[in-house]
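Input: a single structure, listed below in structure tokens.
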Amino acid sequence: MAVNIVKGTRDIIGEEANAFNYIENLLKQICELFAYNEVKPPVMEYSELFVRGVGEASDVVRKEMYTFLDKGDRSVTLRPEFTAGIMRLIIQNKLLATSELPVKSYYVGPVFRYERPQLGRYRQFTQFGVEAVGNDSPEIDVETIVLAYTILSSLNLDNVSVVINTIGDDESRLNYKNALKAYFAKYLDQMCPDCHTRYELNPLRILDCKVPDDQKIVAGAPKMKDYLSDAAKERFNKVLSLLDALEIPYVVDDTLVRGLDYYSETVYEFHYVSSNGNDYGAIGGGGHYGKLVKELGGPDVAGVGFSFGVDRLYSVLKDDGLLPEGLDNPIEIYVMPLGEASKSLAMQAASTLRLSGYRVDFCFEDVKLGNMFKRAERKGARFAVIIGENEVNNNEVIIKNLTSTEQITVPFDKLVSKICCEMGDECCDGECQCHKES
Ligand code: HAM
């Protein structure tokens, strides 16, 4: 019996794989424009990193991590997010001491969370994100939002909502957590067992509870905005006025707290519902973290960042017809050997064309010529290069334009220059007839 794929994971193939590359390449280019550098941390880290970094009160750490003992009995976890690993990378490689601050990094790769699979929610998915570490200003928070917004605009996701809030400085959050404890204490016996744990570990996490009856209780809970210190309010107002000046549209949502424990001050998310009504949840989110680096053994510096779910970006782009044409990667040239004796020269033709930068496929099967043409058409080829016995004997090739159906025979060493001219490229060696004519 065949072995199936692991539940909650999926195979990304064909056009979808090409679309992922398109999205990731575009995101990388924009990150480079903003002077972020790519980093590639390992997929697994010691579990303690996430327990201390993401926080033991978060659902991610409590319920969703793929954690196992390795053969040396060390507890290892497949990353459930990037941020903690990037902090470890920055601290361990002493990047804060040896680089200009902030250290600005971007990353892309698989992330693992044991969640209930549903629309836009997988157990292995791809995140793309950035972290800027070593600066605590409202300006750097805003730069990350502008970067994310530029990415979304470049993908033509114009109907995105930027949802923003502040969860304040340490003092604000301490006062708020105390207010939440006092409030939830009255209802705790009616709430789910998870909320009892959240109550003990971090009452802020009760606000994320998905149980409908608990949500009714959450609706009446104190609001963060009433517990903000003057300094936190002032900082948030600065963020908002910078966004206004940069003409980034946003909605302030005072219930947004984000589900990971490391956040402080500015938090934000990007929401997008596709035109067919599919709601994949947040396509991205992030925020400021004041104490995470110190918590993980580094210096006392702040950071800010966000991550996009590439799978969700792909889904909304696909739903709304916003993926560019040609992602099925058509070939340019199909090389067709006719008979055993022509295979060697045909392979040389394919190699030469590929080395000149053409996307070339080769017919490996001994099928009839008509069948080869059908294959060339299905693959989107513009030209066929045909090599039979005569061509081998004369060291020639036939080039057939599959659109006009015209064909010419040229010496093997003129193959590339002739194809260049036919394609309208500028790499022609100048010796061919059409080049001289032009
Ligand atoms: P997060 O909100 O947990 O934040 O995840 C970021 C994005 O990953 C989400 O907005 C969503 O698009 C995608 N995502 C999350 N879970 C799934 C899933 N099960 N299936 C598919 N996509 C999913 C973080 O991970 C933070 N590290 C972001 C950050 C960076 N904060 C500061 N810096």
Side-chain angles (χ1 to χ4, degrees), residues 7-10 12 20 23 27 31 36 39 41 45 49-50 53-55 58-61 63-66 78-90 102-133 140-141 143-145 147-148 151-152 155 157 160-164 167 205 208 256-273 278-293 302-317:
K7 183 174 176 198
T9 69
R10 68 210 177 95
I12 299 171
F20 266 60
I23 295 169
L27 269 51
C31 286
Y36 285 70
V39 289
E45 300 274 1
L49 177 77
F50 301 112
V54 178
S58 64
D59 278 3
V60 166
V61 170
K63 302 191 228 165
E64 297 170 3
M65 295 209 300
Y66 280 87
L78 300 182
R79 64 178 169 227
E81 60 109 52
F82 270 91
T83 311
I86 302 294
M87 296 312 115
R88 200 256 328 122
L89 174 154
I90 288 176
V103 173
K104 303 204 302 186
S105 315
Y106 72 85
Y107 48 81
V108 59
V111 170
F112 304 83
R113 292 186 190 175
Y114 193 81
E115 293 192 82
R116 195 165 65 79
Q118 52 190 294
L119 183 76
R121 200 169 284 286
Y122 307 104
R123 290 185 174 168
Q124 175 177 336
F125 56 100
T126 301
Q127 278 192 346
F128 186 106
V130 307
E131 311 295 338
V133 182
I140 191 71
D141 291 5
E143 182 184 82
T144 61
I145 299 172
L147 168 52
I151 283 173
L152 295 169
L155 291 168
L157 291 170
V160 69
S161 335
V162 181
V163 184
I164 187 166
I167 55 168
R205 295 282 73 84
D208 310 328
L256 179 71
V257 288
R258 306 269 304 132
L260 312 171
D261 283 353
Y262 47 63
Y263 292 113
S264 49
E265 310 280 2
T266 317
V267 288
Y268 53 84
E269 275 179 1
F270 305 96
H271 293 257
Y272 187 96
V273 180
N278 277 342
D279 184 353
Y280 297 94
I283 52 177
H288 171 280
Y289 36 89
K291 290 284 180 293
L292 178 59
V293 183
V304 59
F306 64 80
S307 305
F308 282 123
V310 178
D311 310 71
R312 293 190 189 175
L313 286 177
Y314 167 76
S315 297
V316 296
L317 290 168

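Counting convention: from 1, in listed order, for ligands and their atoms alike. What you see is a predicted model; the values in this text were computed from it and never measured. Heavy-atom basis, side chains included; hydrogens, waters and symmetry copies ignored.
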inquiry  = Can a donor-acceptor pair be found, under 3.5 Å and without considering hydrogens, that links the side chain of His288 to the backbone of Ser264?
reply    = yes
request  = Decide side-chain contact (heavy atoms from CB on, under 4.5 Å) for Ile164 and Ile145; before the verdict, give the C-alpha distance in whole Å, the side-chain angles of both, and the deciding distance to 0.1 Å.
outcome  = CA-CA 10 Å; Ile164 187 166; Ile145 299 172; 3.8 Å; yes
Glu131, any N or O under 3.5 Å of ligand 1 N or O = yes
inquiry  = Less than 4.5 Å apart, side chain to side chain, heavy atoms only: is that true for Arg205 and Val257?
reply    = yes
ask   = Would you call Asp311 and Ile12 a side-chain contact if the rule is heavy atoms closer than 4.5 Å?
value = yes
query = Are side-chain heavy atoms of Arg113 and Val60 found at a separation under 4.5 Å?
reply = yes
ask   = Among all protein non-hydrogen atoms, which one is nearest to atom 21 (C) of ligand 1, and what is the separation to 0.1 Å?
value = Gly120 O, 3.2 Å
query = Could a heavy atom of Gly129 be found less than 4.0 Å from some atom of ligand 1?
reply = no
remark   = Of Ser307, Gly281, Ser315, Gly287, the one whose closest heavy atom lies nearest atom 28 (C) of ligand 1 is Ser307
query = Is there a nitrogen or oxygen of Val304 sitting under 3.5 Å from a nitrogen or oxygen of ligand 1?
reply = no
inquiry  = Do Gln124 and Tyr66 pair up side chain to side chain, a donor and an acceptor below 3.5 Å, judged on atom types alone?
reply    = no
key: CA sep, side-chain torsions, deciding dist, call: Arg258, Glu269, salt bridge (Lys or Arg N to Asp or Glu O under 4.0 Å)   = CA-CA 8 Å; Arg258 306 269 304 132; Glu269 275 179 1; 2.9 Å; yes
query = Going by the atom numbers of ligand 1, which of them fall below 4.0 Å from some non-hydrogen atom of Gly285?
reply = 10 (O), 28 (C), 29 (C)
task = Decide whether an N or O pair under 3.5 Å exists between Gly305 and ligand 1.
result = yes
inquiry  = With a heavy-atom distance limit of 4.0 Å, tell me whether Tyr272 approaches ligand 1 through its side chain, its backbone, both, or neither.
reply    = neither
ask   = Are any of the heavy atoms in Phe112 under 4.0 Å away from ligand 1?
value = no
query = So, do Leu89 and Phe82 sit near enough that their side-chain heavy atoms are less than 4.5 Å apart?
reply = no
ask   = Using heavy atoms and a threshold below 4.0 Å, how should the contact between Tyr263 and ligand 1 be classified: side chain, backbone, both, or neither?
value = side chain
task = Apply the test ring pair (Phe, Tyr, Trp, His ring centres under 6.0 Å) to residues Tyr268 and Phe270: give CA-CA distance (whole Å), side-chain angles for both, the deciding distance (0.1 Å), then the verdict.
result = CA-CA 7 Å; Tyr268 53 84; Phe270 305 96; 5.6 Å; yes
ask   = Does some side-chain heavy atom of Leu155 sit less than 4.5 Å from a side-chain heavy atom of Leu313?
value = yes
Residue, atom name and distance, where the atom is the protein heavy atom closest to atom 16 (N) of ligand 1 = Phe125 CZ, 3.3 Å
query = How does Tyr107 reach ligand 1, if at all, at less than 4.0 Å between non-hydrogen atoms: by side chain, backbone, both, or neither?
reply = side chain
ask   = For ligand 1, is there an atom lying under 4.0 Å from some heavy atom of Tyr262?
value = yes
key: Member of Phe50, Tyr107, Phe306 meeting the side-chain contact (heavy atoms from CB on, under 4.5 Å) criterion with Thr83   = Tyr107
query = Which of the listed options, Arg113, Arg258, Glu269, holds the heavy atom that is closest to atom 3 (O) of ligand 1?
reply = Arg113
query = Please state which protein non-hydrogen atom is closest to atom 20 (N) of ligand 1 and give its distance, to 0.1 Å?
reply = Tyr122 N, 2.9 Å
inquiry  = Within the structure, is a non-hydrogen atom of Ile283 found at a distance of less than 4.0 Å from ligand 1?
reply    = yes
message = I'd like to know whether Phe20 forms a side-chain contact (heavy atoms from CB on, under 4.5 Å) with Val310, so could you lay out the CA-CA distance, the side-chain angles of the two residues, the decisive distance to 0.1 Å, and finally the verdict.
response = CA-CA 7 Å; Phe20 266 60; Val310 178; 3.6 Å; yes
task = Looking only at protein heavy atoms, identify the closest one to atom 13 (C) of ligand 1 and say how far it is in Å.
result = Gly309 CA, 3.6 Å
request  = Could you tell me which atoms of ligand 1, counted from 1 in the order shown, lie closer than 4.0 angstrom to a heavy atom of Glu81?
outcome  = 25 (O), 26 (C), 27 (N)
message = Give the atom numbers and elements of ligand 1 that come within less than 4.0 Å of a heavy atom of Glu115.
response = 16 (N), 17 (C), 18 (C), 19 (N)
message = Which residue and atom name correspond to the protein heavy atom nearest atom 8 (O) of ligand 1, and how close is it?
response = Gln127 NE2, 3.2 Å
query = Val160 versus Ile283: any side-chain heavy-atom pair under 4.5 Å?
reply = yes
ask   = Among all protein non-hydrogen atoms, which one is nearest to atom 12 (O) of ligand 1, and what is the separation to 0.1 Å?
value = Ala282 O, 2.9 Å
query = Any side-chain donor paired with an acceptor under 3.5 Å for Arg312 and Tyr280?
reply = no
task = Return a yes/no value for Gly284: is any of its N or O atoms, backbone included, closer than 3.5 angstrom to an N or O of ligand 1?
result = yes
request  = Measure Leu260 to ligand 1 on non-hydrogen atoms and call it side chain, backbone, both or neither using the 4.0 Å cut-off.
outcome  = side chain
